[in-house]
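Notes follow the structure.
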Amino acid sequence: MKIPVDEILDCYRTKDLAEASFLYASNKKLIRLDNQNGKVWFVFEDKLSCEDLSNTFWRKEAVINAKDFADSIRTLKALIFNRERLKDG
């Protein structure tokens, strides 16, 4: 059985913008964006830590600065938009 590269590299992937924004606002390092079949995946470093944070996010137990979260959403949207724009041009 082939092990996915991201598992070997200890990466955490999500396609959910709100979850990714929460991780980004929580100072998790964004490694790259992957585009698979028209869907953007956010790839973060430190899988275990991201999984723990993600669980608090989905259980509605996360505590984060609202401005940091809003800034993270804008930043990630800009990364997606600029990436798509670069492909077109």
Side-chain angles (χ1 to χ4, degrees):
M1 184 168 118
K2 188 175 179 182
I3 299 172
V5 173
D6 284 341
E7 228 174 89
I8 295 169
L9 298 175
D10 188 39
C11 297
Y12 181 80
R13 294 166 39 102
T14 182
K15 61 183 174 181
D16 187 90
L17 177 62
E19 178 188 7
S21 297
F22 169 68
L23 293 173
Y24 193 74
S26 298
N27 297 315
K28 291 291 132 192
K29 184 176 179 183
L30 179 65
I31 299 171
R32 68 179 183 277
L33 300 180
D34 285 341
N35 192 337
Q36 292 180 340
N37 300 325
K39 299 214 186 265
V40 175
W41 288 84
F42 302 92
V43 183
F44 290 89
E45 196 174 76
D46 191 4
K47 183 177 183 175
L48 289 178
S49 177
C50 287
E51 285 175 346
D52 289 342
L53 282 170
S54 177
N55 287 335
T56 64
F57 175 80
W58 292 110
R59 286 191 310 258
K60 299 182 180 182
E61 297 171 351
V63 177
I64 192 134
N65 179 285
K67 173 115 172 56
D68 290 344
F69 182 69
D71 289 346
S72 293
I73 290 173
R74 279 191 290 281
T75 298
L76 295 183
K77 281 184 175 181
L79 287 173
I80 293 168
F81 175 75
N82 290 331
R83 183 180 178 139
E84 292 302 318
R85 205 170 108 205
L86 290 174
K87 286 181 185 178
D88 294 338

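Residue numbers run from 1 in the order of the sequence given.
Within the model, atoms NZ of Lys15 and CG of Asp34 stand 13.0 Å from one another, a figure rounded to the nearest 0.5 Å. Taking CZ of Arg13 as the reference point, atom CZ of Arg32 lies at 7.0 Å (rounded to 0.5 Å). Remark: Leu53 CG to Leu48 CG distance equals 11.5 Å, nearest 0.5 Å. Note that the CZ atom of Phe44 and the CG atom of Asp10 stand 14.0 Å from one another [nearest 0.5 Å]. Between the CZ atom in Phe22 and the SG atom in Cys50 there is a gap of 10.0 Å [rounded to 0.5 Å].
Listed for the Thr14 side chain is a donor-acceptor partner under 3.5 Å among the backbone atoms of Asp16.
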Self-check item: Check against side chain to side chain contact (heavy atoms under 4.5 Å, CB included), Leu33 and Phe42
Solution: CA-CA 5 Å; Leu33 300 180; Phe42 302 92; 3.2 Å; yes

ask   = Would Leu79 and Leu30 satisfy side chain to side chain contact (heavy atoms under 4.5 Å, CB included), going step by step from the backbone distance to the final call?
value = CA-CA 11 Å; Leu79 287 173; Leu30 179 65; 3.8 Å; yes

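Checked by atom type, the side-chain pair Tyr12/Ser54 shows a donor-acceptor distance below 3.5 Å.
Residues Trp41 and Trp58 do not share a hydrophobic cluster, defined by chaining ILVMFWY side chains whose heavy atoms lie under 4.5 Å apart.
For the side chain to side chain contact (heavy atoms under 4.5 Å, CB included) criterion with Ser26, the lone passing option out of Ile64, Val63, Thr56 is Ile64.
Other residues, nucleotides and ligands place more than 12 heavy atoms under 6.0 Å from the CZ atom of Phe57.
The two atoms that bring Ser21 and Ser72 nearest to each other are O-CB, 3.3 Å, heavy atoms only.
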